[in-house]
Amino acid sequence: MQGRDPMRKIFLIATEESGDRLGSALMKVLRQRLGDGVQFVGVGGRTMAREGLESLFPIEELSIVGFAAVVQQLPKILRLIRETADAVAEAAPDALVIIDSPDFTHRVARRVRSRSPGIPIVDYVSPQLWAWRPGRARTMLGYVDHVLGLLPFEPEEYRKLGGPPCSYVGHPLIEQLSSLRPNAEEQTRRDGAPPVLLVLPGSRRSEIRHHLDVFGAALGRLQAEGRTFELMLPTMPHLEATIRGGIANWPVKPQIVIGESEKRAAFRMAHAALAKSGTVTLELALSGIPMVTAYRVGAIEAFILRRAIRVSSVILANLVIGKDVIPEYLQEDCTPEKLAPALAELLTDSPLRRQQVEAFAQLDQIMSTGNKSPSVLAADIVLATMRKGRP
């Protein structure tokens, strides 16, 4: 009779809410696979805590936005990197799973590989090396054993760039399609009049400051041209005051909807959207909502990004589709004079609108993971990497 498998210890590090959700789903599947034979340690937020993780420190300590703030907090950040790497080495886990936040997690992983080279390391969520700093792929080969990609084109990028093995496990959004897509009643409203127009200026205060004025002016131009629409602006509770202050002088006032479930309800009725570029473009595309996208940053950041970006589009949905179907207005092109006419096209049955709707219909097939969920595929690879170990 064979003995029971020994207790497995898995160290996870997630320092943002999105990573915390991924970590929680992964922990749930790993516990299903290993039962009481697994112990989780590391860094995470509230949802990972509900799965039994006691975080080394509150992840809010790393909620730092802006270059000046990062410089000011640098000693604390470096201390947390050192302390986390020390904790990994002391725990001597069967595997280390780093989740997104590469500026923090990769520095920890490099220290761990240097001190404890026998610990297998899995990176859940690839850094955007396909967009900028492609040399990171070869660097990662030295301290990452497997990458879990959320986007279907990422494994081929790692192969071309000479990085570690990468497997597409699927984006968490593909498990949420029922909350993004309209039922019959909501579809009637989506097709009805006046059309519901979403405005999505960003999820960080710095992004909101850069986009609110120009978005408001573009919508004012639309209204002045006689376009009728019902405007909705989804946001989260902690940003409500910032949003309300920022739209005080808008010529057309949106209905502000608060929270994730209310946002999804607005998505299911929306006819078109004006959005800041980012993950939300993929969320809108999976919902079947044609969009105009825009992005503005500070002058220094723009100078750096212009020289670093190596892709034809910064729009995530365009990259996944493999075709630039969504118009993007970046930096000096992000003006009311350019945004308003593009939005006007989406409010009618224009070629631009039809092209987007047809392209979005392909996403289910492009992003399919078969009959396994992303968290199940991710857990399979973590377990295989853990059992294989390091040479």
Side-chain angles (χ1 to χ4, degrees), residues 9-28 39-93 95-116 119 121-128 133 136 140 143-144 148 150 172 202-210 235-243 259-260 278-279 297-298 300-301:
K9 185 184 292 183
I10 300 175
F11 202 109
L12 304 102
I13 306 172
T15 67
E16 293 184 354
E17 283 188 26
S18 57
D20 180 47
R21 290 191 294 270
L22 286 174
S24 171
L26 176 63
M27 290 167 69
K28 196 171 293 185
Q39 177 188 1
F40 297 117
V41 290
V43 176
R46 288 186 291 272
T47 56
M48 289 171 72
R50 286 197 286 270
E51 291 300 319
L53 184 88
E54 186 174 338
S55 185
L56 294 177
F57 58 84
I59 63 173
E60 289 75 19
E61 290 193 32
L62 290 171
S63 299
I64 300 163
V65 177
F67 180 75
V70 170
V71 171
Q72 192 175 25
Q73 297 291 320
L74 193 57
K76 181 174 82 170
I77 296 169
L78 294 175
R79 174 177 58 79
L80 290 173
I81 289 169
R82 287 194 302 272
E83 290 176 358
T84 305
D86 289 346
V88 178
E90 185 178 344
L96 167 63
V97 181
I98 57 173
I99 307 173
D100 211 354
S101 309
D103 289 337
F104 184 88
T105 60
H106 283 230
R107 285 175 169 82
V108 172
R110 284 198 295 268
R111 285 174 171 267
V112 170
R113 181 49 49 90
S114 176
R115 288 182 54 178
S116 306
I119 298 174
I121 300 177
V122 176
D123 184 9
Y124 196 176
V125 185
S126 167
Q128 294 182 345
R133 287 174 57 197
R136 287 179 290 178
M140 287 170 63
Y143 61 89
V144 170
L148 307 179
L150 304 191
S203 58
R204 294 186 172 94
R205 287 184 175 85
S206 58
E207 294 172 342
I208 291 166
R209 284 196 301 272
H210 283 302
T235 192
M236 300 307 287
H238 67 284
L239 296 170
E240 182 180 358
T242 302
I243 291 290
E260 189 65 25
T279 303
V297 293
I300 294 173
E301 192 176 347

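Atom set for the values below is all heavy atoms of this structure, side chains included, hydrogens, waters and symmetry mates excluded.
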Please report the closest heavy-atom contact between [X] and [Y], naming both atoms and the distance.
X    : Y    : result
A109 : Y143 : CB-CD1, 3.7 Å
F104 : I77  : CE1-O, 4.2 Å
I59  : A14  : CG2-O, 3.4 Å
M27  : G52  : CE-N, 4.4 Å
E207 : G202 : OE1-CA, 3.5 Å
G23  : M48  : C-CG, 3.8 Å

Just by distance, do the side chain of [X] and the backbone of [Y] share a donor-acceptor pair under 3.5 Å?
X    : Y    : value
D20  : R46  : yes
S114 : R110 : no
K28  : E51  : no
T47  : S24  : no
R113 : I119 : yes

For Y124, the option from I98, L22, T105 that meets side-chain contact (heavy atoms from CB on, under 4.5 Å):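 Of the listed residues I98, L22, T105, the side-chain contact (heavy atoms from CB on, under 4.5 Å) partner of Y124 is L22.
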Between CG on residue L239 and OG on residue S203, distance to nearest 0.5 Å: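 Reported value, rounded in 0.5 Å steps: 7.5 Å.
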Verdict with supporting geometry, D86 and R111, salt bridge (charged side-chain N to carboxylate O under 4.0 Å, His left out): CA-CA 9 Å; D86 289 346; R111 285 174 171 267; 5.8 Å; no
